[in-house]
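None of these values were measured; they are calculated from a predicted model. Both counts, for ligands and for their atoms, begin at 1 and track the order of listing.
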Amino acid sequence: MQKNLKIAIQIKGRLNDDSLMLIRESGIDLSIGKRKLAASSKNFPLEALFLRDDDIPRTVADGVADAGIVGENEVLEKNENVIIAKRLGFSKCRLSLAVPKSDEYRGLSFFEGKKIATSYPKILRKFLDEKKINADIHVITGSVEIAPGIGLADAIFDIVSSGSTLISNRLKEVETVINSEAVLIKHPGLSKDKQKILNELIFRIESVQRAQGKKYILLNTPDEKIEDVAALLPGMKSPTVMPLAEKGWSSVHSVIDENDFWEIIGKLKKAGAEGILVVPIEKMIF
Ligand code: ATP
Ligand code: MG
């Protein structure tokens with residue numbers, strides 16, 4: 001009997017929705033129990049365990065879970081023995097140093113002898129040691145951004161994405177230390193069977209992600225314009241061309257990048273394309 005791959009997922013928070021969506025879009029149905037602590041699948045050998053994100057690297061390192069989805073920032077901070085199997089591209093953020101807006105900032109020496117509040121002491125310590133800065137690290141687990149305002153610290157080291165939290169707390173970002181995104185981590189000694197399941201999961205995730213931002217385009221064109229139209233469509237290999245029932249006309253199909261969409265549409269019309277249809281793509285497999 002084949003064993004299930006156990007994957008740890010954040011129970012609630014910023015990673016929960018996107019992690020579950022990725023699994024669903026990979027064609028895996030999860031039936032989540034009432035207490036939402038675990039879930040199993042009937043159509044794929046996978047079980048999900050729901051945990052706080054802080055606990056995910058340890059759980060995977062211990063082998064209680066075989067894999068997990070967590071922010072790279074947590075993986076680096078916890079420094080457990082896990083392997084990053086796939087970068088997932090969502091929950092992008094950075095860990096940065098920020099100081100009160102009114103302070104003059106000329107460089108890292110600002111932090112010499114200062115008190116820095118953070119939930120990421122290991123990453124910060126390593127950075128400060130590398131830069132030979134002596135600073136006092138004050139660990140707090142939540143609402144780090146209010147620390148300078150209430151006199152608890154001179155500066156903070158925390159997650160930044162848009163920067164609006166910093167602005168509303170009268171802080172300015174002065175140094176980016178690491179960039180982070182959600183990653184799929186795995187236990188270093190997975191059995192062959194489990195590695196096989198993980199490979200299948202990664203294959204599915206890649207197919208879903210490849211399709212993101214891509215559209216399928218269908219259009220009609222007079223035969224003598226096929227070459228001009230095809231030149232505008234990069235496609236996966238080359239566009240599919242099929243004759244229409246009406247003589248002298250063909251249908252051309254291809255894949256385009258959503259970002260190029262409006263620019264290409266204008267050019268296609270000019271080149272002689274008609275009846276242009278653009279439809280979403282669910283998965284792309286090479
Ligand atoms: P938990 O209760 O599980 O410990 P948490 O409060 O530590 O949750 P969340 O705020 O849910 O964590 O964030 C989870 C992860 O999402 C972070 O570790 C980080 O990788 C990423 N993240 C956090 N804030 C942002 C943001 N503003 N934009 C994008 N990604 C973010
Ligand atoms: Mg956490």
Identify which one of D54, D55, D62 satisfies the salt bridge (charged side-chain N to carboxylate O under 4.0 Å, His left out) criterion when paired with R58.
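Among D54, D55, D62, the one that satisfies the salt bridge (charged side-chain N to carboxylate O under 4.0 Å, His left out) with R58 is D62.
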For [atom], what's the nearest protein heavy-atom neighbour? Residue, atom name and distance, please.
atom	result
atom 26 (C) of ligand 1	S161 OG, 3.4 Å
atom 29 (C) of ligand 1	K92 O, 3.2 Å
atom 18 (O) of ligand 1	N73 ND2, 2.9 Å
atom 9 (P) of ligand 1	Q10 NE2, 3.9 Å
atom 1 (P) of ligand 1	D53 OD1, 3.3 Å
atom 25 (C) of ligand 1	R14 CD, 3.3 Å
atom 2 (O) of ligand 1	R52 NE, 3.4 Å

Heavy atoms, side chains only, cut-off 4.5 Å: are [X] and [Y] in contact?
X	Y	value
Q195	K186	yes
L97	T176	no
V252	T240	no
F50	L37	no

Could you name the option among A182, G71, C93, G142 that has the heavy atom nearest to atom 21 (C) of ligand 1?
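Answer by nearest heavy atom: C93.
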Nearest candidate to atom 30 (N) of ligand 1, where distance is taken over non-hydrogen atoms, out of S180, S91, G13
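Nearest heavy atom to atom 30 (N) of ligand 1 lies in S91.
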I'd like to know if E173 and R94 make a salt bridge, using a cut-off of under 4.0 Å between side-chain N and carboxylate O.
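Salt bridge between E173 and R94, a charged N being under 4.0 Å from a carboxylate O: yes.
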Is the shortest side-chain N to carboxylate O distance from D66 to K6 below 4.0 Å?
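Result for this pair is no, no salt bridge flagged.
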Provide the number and element of each atom of ligand 1 under 4.0 Å from a heavy atom of I159.
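Those of ligand 1 that fall under 4.0 Å from I159 are 17 (C), 19 (C), 23 (C), 24 (N), 25 (C).
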Please tell me if atom 13 (O) of ligand 1 is touched by the protein, where touching means a protein heavy-atom distance below 4.0 Å.
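Neighbour list for atom 13 (O) of ligand 1 includes protein heavy atoms (cut-off 4.0 Å).
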Crowding at NZ, K269 (>12 non-hydrogen neighbours, <6.0 Å):
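No, not enclosed.
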Residue of the set S168, S162, S161 for which side chain to side chain donor-acceptor pair (under 3.5 Å) holds with S164
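The single option meeting the side chain to side chain donor-acceptor pair (under 3.5 Å) with S164 is S162.
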Answer yes or no: is there a donor N or O on one side and an acceptor on the other, between the side chain of T118 and the main chain of P121, under 3.5 Å?
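Absent.
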E72 N/O under 3.5 Å from ligand 1 N/O
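The answer is no, given that E72 and ligand 1 share no N or O pair closer than 3.5 Å.
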Only one of I133, D136, D154, L128 forms a side-chain contact (heavy atoms from CB on, under 4.5 Å) with I116, so which one is it?
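Exactly one option meets the side-chain contact (heavy atoms from CB on, under 4.5 Å) with I116, and it is L128.
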Which residues and atoms, protein N, O or S only, are under 2.8 Å from the Mg ion (ligand 2)?
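Protein N/O/S atoms under 2.8 Å of the Mg ion (ligand 2): D53 OD1, D54 OD1.
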When you measure from the centre of the six-membered ring of F110, is the NZ or CZ of K114 closer than 6.0 Å and no more than 45° off the axis?
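Verdict for F110: a cation-pi partner in K114.
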